[in-house]
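Working notes, structure below.
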Amino acid sequence: MIRLGEKQVLYVVKQTDFGVYLGESDFETKNTILLPKRQVPDGVKKGDSVEVFIYKDSEDRIIATTKKPAIMLGELAVLKVKDTAKIGAFLDWGLDKDLLLPFKEQVGKVEKGRSYLVTLYIDKSKRLCASMKVYEKLSSNSPFQKDDKVAGIIYGRKEGIGAFVAVENQYHGLIPEKELFRPLRVGDQVEARVIRVREDGKLDLSIREKAYMQLEIDSEIIEELLREEGGFLPFHDKSDPEAIKREFGISKASFKRAVGHLLKQEKIEMTEDGISLK
């Protein structure tokens, strides 16, 4: 059986001026599929085997290619959006015909030029399509432990819960809402630290370092912003937590720790109106 969306070894049944027809055996005559001439390896003759990927061309005909696609049926891959339309987005997957990401299979706003994690499936019309609904494809059996550094891509965002991360594009991860100190969108690549491995194997993540390391980073952020603003910022220990988060990308508690650290180092001074560089 010739399987759509997969790589398989087929045999040359017939040679023509525009390509070769392939079947599951070299004597198959009914269920054959075209491998266009430009895709036929040099020296291939009737009876030879060829490894091909099966998909549909722009006229919705099943066709073979020797090109290797960036994703196959049931797999996960990060693909770039080449264009968008009312019916969905078109992704570059390394083949002549772009891969359709239907509008109903999108998560959040999909933009041309950005890349997203998708899976490949066959729709009701027997077409290969992409979907950003990848939760069921991710594994909870990761090799990572607490404090490990990991990389991943944001594939979902839920207010009050956090940002869902596909760690290494294959494992369940979550940056809890309390750990989100900067805006993150679906499609953003992140580096994070494992702060907890749950009983079900899913990973809780933080995009911040351990407290003692983060203190130095937060202090540098405040110093840099002070320099950019001419040496003064109107923030102090009574400032609104949300305003601090918007300005510095850190919590109010982290802000107070960093300010205290800078005060001890005598790099800044505190006034009723804010903080200033010395």
Side-chain angles (χ1 to χ4, degrees), residues 4-7 36 38-39 52-138 150-175 177 179-192 205 207 245-246 249:
L4 191 65
E6 299 180 39
K7 285 181 71 174
R38 65 182 182 278
Q39 294 285 319
V52 293
F53 177 76
I54 311 300
Y55 73 118
K56 288 189 175 183
D57 65 13
S58 56
E59 295 183 22
D60 214 30
R61 299 172 299 193
I62 294 180
I63 197 166
T65 178
T66 51
K67 289 183 178 180
K68 183 179 179 181
I71 188 172
M72 286 187 276
L73 192 65
E75 292 183 347
L76 292 166
V78 176
L79 302 181
K80 187 175 183 178
V81 177
K82 291 182 69 176
D83 206 354
T84 58
K86 288 184 178 180
I87 61 170
F90 296 93
L91 311 180
D92 181 3
W93 63 325
L95 300 183
D96 295 337
K97 180 188 176 185
D98 296 333
L99 178 62
L100 174 65
L101 170 61
F103 184 77
K104 67 181 179 63
E105 295 296 329
Q106 296 179 13
V107 176
K109 185 179 180 181
V110 171
E111 300 175 13
K112 181 179 178 179
R114 283 176 58 80
S115 298
Y116 303 92
L117 182 68
V118 297
T119 187
L120 184 67
Y121 74 102
I122 299 174
D123 73 1
K124 292 180 180 179
S125 301
K126 304 299 182 183
R127 299 175 302 177
L128 288 171
C129 294
S131 174
M132 292 171 66
K133 298 173 183 178
V134 300
Y135 181 86
E136 298 297 333
K137 296 291 182 181
L138 297 175
V150 298
I153 186 169
I154 305 297
Y155 71 89
R157 180 80 171 84
K158 192 164 185 180
E159 203 69 32
I161 294 179
F164 296 95
V165 183
V167 176
E168 308 297 337
N169 298 341
Q170 58 183 316
Y171 302 114
H172 283 289
L174 172 71
I175 303 173
E177 194 74 36
E179 295 291 336
L180 288 173
F181 295 102
R182 70 172 189 265
L184 287 175
R185 297 185 295 164
V186 172
D188 284 350
Q189 299 276 352
V190 295
E191 292 184 351
L205 310 171
I207 51 178
K245 187 175 181 179
R246 284 194 302 271

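In this structure, S131 OG and E136 CD are separated by 11.0 Å, a value rounded to the nearest 0.5 Å. For the atom pair CD1 (I153) and CG (L184), the distance works out to 11.5 Å, reported to the nearest 0.5 Å. Here the CG atom belonging to L180 is positioned 6.0 Å from the CD1 atom belonging to I175, to the nearest 0.5 angstrom. Note that the NZ atom of K104 and the CD1 atom of I87 stand 12.0 Å from one another [nearest 0.5 Å]. In this structure, OG1 in T66 is found 9.5 Å from CZ in R38, a value given to the nearest 0.5 Å. Here the straight-line distance linking atom CG of L99 with atom CD1 of I71 works out to 7.0 Å at 0.5 Å rounding.
Taking the side chain as every heavy atom from C-beta outward, Y55 and I63 approach each other to under 4.5 Å. Side-chain atoms of K56 and K126, non-hydrogen and from C-beta on, do get closer than 4.5 Å to each other. Two residues are said to be in side-chain contact when any heavy atoms from C-beta on lie closer than 4.5 Å; Y155 and K133 fail this criterion. Residues V81 and Y116 form a side-chain contact, since some pair of their non-hydrogen atoms from C-beta on lies under 4.5 Å apart. L174 is not listed as a side-chain neighbour of V165, based on a closest heavy-atom distance of 4.5 Å or more. For the pair T119/E75, no side-chain contact is recorded, criterion being any heavy-atom separation below 4.5 Å from C-beta on. The closest side-chain heavy-atom distance from L76 to V118 is not below 4.5 Å.
Summarising the geometry of L100 relative to R127, their closest heavy-atom pair is CD2-NH1, 4.5 Å, with the distance given to 0.1 Å. Minimum heavy-atom separation, A64 to P36: O-CD, 3.4 Å. The two residues M72 and L120 come nearest to each other via the heavy atoms C-CD2, 3.4 Å. Of all heavy-atom pairs spanning G173 and L205, the tightest one is CA-CD1, 4.2 Å. Of all non-hydrogen atoms in D123 and C129, the two that sit nearest each other are OD2-SG, 3.6 Å. When all heavy atoms of M132 and V110 are compared, the closest pair comes out as SD-CG2, 3.6 Å.
Using bins of under 30°, 30° to 60° and over 60° for the plane-to-plane angle, the ring pair W93/F53 lands in the perpendicular bin.
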Verdict with supporting geometry, K158 and F164, side-chain contact (heavy atoms from CB on, under 4.5 Å): CA-CA 8 Å; K158 192 164 185 180; F164 296 95; 3.9 Å; yes

Test side-chain contact (heavy atoms from CB on, under 4.5 Å) applied to E111 and R185, step by step: CA-CA 11 Å; E111 300 175 13; R185 297 185 295 164; 3.1 Å; yes

Residue pair E177, E159: steps toward the side-chain contact (heavy atoms from CB on, under 4.5 Å) verdict: CA-CA 8 Å; E177 194 74 36; E159 203 69 32; 4.0 Å; yes

Full working for side-chain contact (heavy atoms from CB on, under 4.5 Å) between L79 and D92: CA-CA 6 Å; L79 302 181; D92 181 3; over 6 Å; no

Derivation of the salt bridge (charged side-chain N to carboxylate O under 4.0 Å, His left out) call for E59 and K97: CA-CA 10 Å; E59 295 183 22; K97 180 188 176 185; over 6 Å; no

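In this structure, K67 pairs ionically with D96, as a charged nitrogen and a carboxylate oxygen lie closer than 4.0 Å. Look at R114 and D188 and you find a salt bridge, because one of the NZ, NE, NH1 or NH2 atoms lies within 4.0 Å of a carboxylate O, short of that distance. Note on K82 versus D98: salt bridge recorded, some NZ/NE/NH1/NH2 to OD/OE distance being below 4.0 Å.
For H172 and Y135, the ring centers sit closer than 6.0 Å to each other.
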